[in-house]
Amino acid sequence: MKNKEIILKGKGFILRPYRKGDEFSLSEIINNKNVQNLLRSKYKKFTPKEMKKNIKSSCDNLFIIDINGLASGMINIGADKDHSFKADFGYWLSKENWGKGIMTEVIKLATNYYFKKLKLRRIYAYTYPQNKASSRVLIKNGFKLEGILRNNVLKNRKMIDENLFSKIK
Ligand SMILES: CC(C)(COP(=O)(O)OP(=O)(O)OC[C@H]1O[C@@H](n2cnc3c(N)ncnc32)[C@H](O)[C@@H]1OP(=O)(O)O)[C@@H](O)C(=O)NCCC(=O)NCCS
């Protein structure tokens, strides 16, 4: 199901599909160390071209977080390739917009949409234990901590634990 025409409206932002040129602000945001350090991404730095490629290669249910016309972050869900009615998702936002309640509402709108449109029964996400804000936005949206996966991911040449959160229907 493509989200080409889908726009979800929030307070002070909209969730919309990718538009040409978004890659410029998005690559700048993700190259901020404060953002990059909290992501699972393999890349140290994204050029706009790499960002565009990354967006194009992801599934059709990626939303751009648009604040006053500027691409300011994104939320994306993995494809449910094996039709197991479950999928994981990720999200990030420009540093200057943190702490305003935006991602709490983004997750609410997007996960409601994903559960319904993709007929999912389980949505899950990983957070680094030190990323309190990321765990908090999930908890505020009814996600439950299932456990801590020890040494689950290699980040900056170190093995790091991850929290596993899920919400089910
Ligand atoms: C995580 C992130 C998406 C949160 O977005 P946001 O719009 O700032 O989140 P909100 O403002 O909706 O909510 C943040 C919540 O975390 C809380 N919080 C923030 N920093 C915290 C800290 N150090 N300790 C405890 N709670 C914290 C806030 O108080 C708020 O909770 P509250 O409403 O109960 O007070 C954003 O910080 C981000 O993009 N980070 C970098 C990328 C990232 O971490 N992505 C997720 C990877 S798993």
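Computed from heavy atoms alone, side chains included, the values below leave out hydrogens, waters and symmetry copies. Just so we're clear, the structure is a prediction, and the values are computed from it rather than from any experiment.
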Residue pair Val35 / Trp92: nearest heavy atoms and the distance that separates them: CG1-CB, 4.3 Å
Audit row: Leu164, Asn152, side-chain contact (heavy atoms from CB on, under 4.5 Å) steps and yes/no: CA-CA 10 Å; Leu164 174 58; Asn152 199 48; over 6 Å; no
Apply ring-ring contact (aromatic ring centres under 6.0 Å, His included) to Tyr91 and list each qualifying residue two or more places apart in sequence or on a separate chain. Phe89
Between the CG atom in Asp22 and the CE atom in Met51, the distance rounded to the nearest 0.5 Å is 10.0 Å
Parallel, tilted or perpendicular for Tyr113 and Phe63, by the 30°/60° rule? perpendicular
Among residues two or more places apart or on two chains, list those pairs meeting salt bridge (charged side-chain N to carboxylate O under 4.0 Å, His left out) that have a residue in residues 159-169. Arg40-Glu162
Residue set satisfying side-chain contact (heavy atoms from CB on, under 4.5 Å) with Lys95, at least two apart, ordered chain then number -> Asn32, Asn34, Trp98
Nearest heavy-atom neighbours spanning Arg16 and Asp66: NE-OD2, 2.6 Å
Can you tell me if Ser58 uses its side chain to pair, donor with acceptor, with the backbone of Ile55 under 3.5 Å? yes
If you look only at distance, which donor and acceptor atoms sit under 3.5 Å apart when one is on a side chain in residues 136-149 and the other is two or more places apart or in another chain?
| residue | atom | partner | partner atom | Å |
| --- | --- | --- | --- | --- |
| Lys140 | NZ | Thr104 | OG1 | 2.9 |
| Asn141 | ND2 | Thr104 | O | 3.0 |
| Asn141 | ND2 | Val137 | O | 3.0 |
| Glu146 | OE1 | Arg122 | NH2 | 3.1 |
| Glu146 | OE2 | Arg122 | NH1 | 2.8 |
| Glu146 | OE2 | Ser166 | OG | 2.7 |

For Glu50, does its backbone N or O pair with a side-chain atom of Asn54 as donor and acceptor, under 3.5 Å? no
Sorted by chain and number, sequence neighbours left out, side-chain contact (heavy atoms from CB on, under 4.5 Å) with Ser94 holds for Ile29, Ser72, Glu96, Asn97
Are Ile30 and Leu70 connected into the same hydrophobic cluster when the rule is that any two of I, L, V, M, F, W, Y join if their side-chain heavy atoms are below 4.5 Å apart? no
Just verifying a value: how many Å separate Asn163 CG and Gln130 CD, rounded to the nearest 0.5 Å? 9.0 Å
Which atom of Phe46 lies closest to which atom of Ser27, heavy atoms considered: O-CB, 3.6 Å
Can any side-chain N or O of Ser25 pair as donor or acceptor with the backbone N or O of Ala71 at less than 3.5 Å? yes
Assigning hydrophobic clusters by single linkage (Ile, Leu, Val, Met, Phe, Trp, Tyr; side-chain heavy-atom cutoff under 4.5 Å), is Leu8 placed with Ile67? yes
Main-chain N/O of Tyr124 paired with Asp88 side-chain donor or acceptor, under 3.5 Å: no
Residues in side-chain contact (heavy atoms from CB on, under 4.5 Å) with Asn131, at least two apart? Leu38, Tyr128, Ala133, Ser134
Quick check: is Leu109 connected to Ile123 through a chain of hydrophobic side chains (ILVMFWY, heavy atoms under 4.5 Å apart)? yes
Nearest heavy-atom approach of Asn31 to Lys45 is OD1-CA, 3.3 Å
Starting from Ile107, can I reach Leu39 by hopping between I/L/V/M/F/W/Y residues whose side chains sit under 4.5 Å apart? yes
So, taking the atom named CD1 in Ile64 and the one named CD1 in Ile7, what distance separates them when rounded to the nearest 0.5 Å? 12.0 Å
Let me confirm one number: the CG-CG distance from Asn61 to Asn76, rounded to the nearest 0.5 Å. 7.5 Å
Tell me who clusters with Ile168, hydrophobic residues only, linked when side chains sit under 4.5 Å apart either directly or through other members. none
Any donor and acceptor pair, going by atom type alone, linking the side chain of Glu23 with main-chain N or O of Gly21 inside 3.5 Å? yes
Supply the atom-to-atom distance Leu118 CG to Thr111 OG1, rounded to the nearest 0.5 angstrom. 11.5 Å
Using the test side-chain contact (heavy atoms from CB on, under 4.5 Å), find all partners of Lys56 that sit at least two apart in sequence or belong to another chain. Tyr18, Lys52
Taking only residues two or more places apart in sequence, or in another chain, which ones meet Ser84 in a side chain to side chain donor-acceptor pair (under 3.5 Å)? Asp80, Asp82
Rounded to the nearest 0.5 Å, how far apart are CD1 of Ile6 and CD1 of Ile14? 12.5 Å
